[in-house]
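Predicted model only: the values in this text are computed from it and were never measured. Each chain gets a letter, A, B and so on, in the order its sequence line appears, and its residues count up from 1.
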Number of protein chains: 2
Amino acid sequence: MITLTEENYIKAIYHLSSNGEKTVNTNAIASAMQTKASSVTDMIKKLSEKNYADYKKYQGVTLTDDGRRVAVNIIRKHRLWEVFLVEKLNFSWDEVHEVAEHLEHIKSDKLINELDAFLEFPTHDPHGDPIPDKEGNFKHIEKIVLAKAEVGSTYKCVGVDDTSSKFLKYLDSNHIALGTIITVKHKEPYDNSIKLTLENSEIVVSQSVAKNLYLKKI
Amino acid sequence: MITLTEENYIKAIYHLSSNGEKTVNTNAIASAMQTKASSVTDMIKKLSEKNYADYKKYQGVTLTDDGRRVAVNIIRKHRLWEVFLVEKLNFSWDEVHEVAEHLEHIKSDKLINELDAFLEFPTHDPHGDPIPDKEGNFKHIEKIVLAKAEVGSTYKCVGVDDTSSKFLKYLDSNHIALGTIITVKHKEPYDNSIKLTLENSEIVVSQSVAKNLYLKKI
DNA sequence: AAATATTTTTAGACTAATCTAAAAATGTTT
DNA sequence: AAACATTTTTAGATTAGTCTAAAAATATTT
């Protein structure tokens, strides 16, 4: 049996190593998990014994195939629950994360596969992140970050990097949502702020916003 | 903060004391929780410190108002999730219990109240048990057990006492579900078995079945 | 009411996950 | 490459929940 805590560590390692392949160091996990490095060492030993991770002392960890499988399954569950919360239970995209953190640990294949069908097999969650299918395959979207978009081109908003409530509420208040059509009007060399037009408005966003918004050329 | 284990003990005490009022003894809790009496003693001390239970050594426990509030809230969540699983995710009534045991511990008022609304405020779960509303009020149904039904009368099936998969599958295979109309034809004095007619069939059920099926006169 | 049986509690130990503080290994500077 | 800084690991303690085995209280039988 895999514990809730083990699942959370595996998920953290997966995210920190962008897909479980790169090695991740102890301190990075500690700060992601809001715990101490010594606790991390204990846990990665355990994950290694259970064959979810490969670990050599002082050299960091990588996930094994098993570990990656566990991680992808949790991500699948997390994102499907997020879709459910937004589409069926009137949650806004800045409210879903915390609840989904708990729902993702419920263990029932029937539950998650029926939920998937009930939601009509969504491919992306409310933040634009891809939802792996039953076999763990992601649907990849070509996307670029607003900070690197071309002046004069038109894009569709397809995702965010920062999923914090603060950032998502900022987007809401500026009428930016997934699917919003954006034209890049001007990039200010002084501070890298960007002027853009939306359906009915023109706004200027700072560089830190521009770094967290993903677009797709249309 | 209340832990998952504490919640499960509180729920067990509530069920064993039929509404949290009667005192419950240690061994009863131990067997309900599949644990040892010594563990129960430790836990009820803790529940007592946290003011969820009243406890005097060797005298058993009762729930406090706080404890009852916690129990009713968990039962509300459990039963709402059961309705969701059956109505939206194609679970059958014998499959829902185990998953609901986990879902019931997810803590989010918004989640559960929106779920309630999404399901259109159901008053009873798939086994006929009443679902408490936001304030903790149950909708009581007048019901009698089949074993005590009158020969010659007609009833509607409104609930079960035993919610085990075995019993529910037995009912399925005999085409008995919530809402099924039943007429009691004969009660055999020798073994208390009961002959009854359903919509299109006539069957004989044993006393142990008759003790676990709830009816309402129509 | 004394003897016996049952129930409940205590005492002490175990596991999972965490912590602090110190030791060991690795990395970086000069 | 020696000195310093950082990162990682170890050692030992803590907490929640559990266990076994023995002691204490309560209940039942004769």
For residues [X] and [Y], report the shortest heavy-atom separation together with the two atoms involved.
X        : Y        : value
B:Val24  : B:Ala28  : CG1-CB, 4.3 Å
B:Lys139 : B:Pro130 : O-CB, 3.4 Å
A:Ile44  : A:Val61  : CB-CG1, 3.9 Å

Counting side-chain heavy atoms from CB outward, which of C:dT9, D:dT8, D:dT18 is closest to B:Lys57?
-> C:dT9

Between [X] and [Y], does any side-chain N to carboxylate O distance fall below 4.0 Å?
X        : Y        : value
A:Asp172 : A:Lys169 : no
B:Lys107 : B:Glu7   : yes
B:Glu142 : B:Lys217 : no

Check A:His78, A:Glu82, A:Arg76 against A:Leu80 for a side chain to side chain contact (heavy atoms under 4.5 Å, CB included) and give me the one that passes.
-> A:Arg76

Separation of atom [atom1] in [X] from atom [atom2] in [N], rounded to whole Å:
X       : N      : atom1 : atom2 : answer
A:Lys56 : D:dT9  : NZ    : P     : 13 Å
B:Lys45 : C:dT8  : NZ    : P     : 14 Å
B:Leu4  : D:dT18 : CG    : P     : 10 Å
B:Met43 : D:dT15 : CE    : C1'   : 12 Å
A:Lys50 : C:dA16 : NZ    : P     : 8 Å
A:Glu7  : C:dA16 : CD    : C1'   : 15 Å

First locate atom CD1 of A:Ile13, then atom CZ of A:Arg68, and finally report the distance between them rounded to the nearest 0.5 Å.
-> 11.5 Å

Taking only N/O atoms, report every protein-nucleotides 2-7 of chain D pair under 3.5 Å with atom names and distance.
none

For A:Tyr55 and D:dT8, is the shortest distance between a side-chain N/O and OP1 or OP2 below 4.0 Å?
-> no

Side-chain donor-acceptor contact under 3.5 Å, B:Thr64 with B:Asp66 = no

Going by number, which of residues 28-39 of chain B have a non-hydrogen atom under 4.0 Å from DNA chain D?
-> B:Thr35, B:Lys36, B:Ser38, B:Ser39

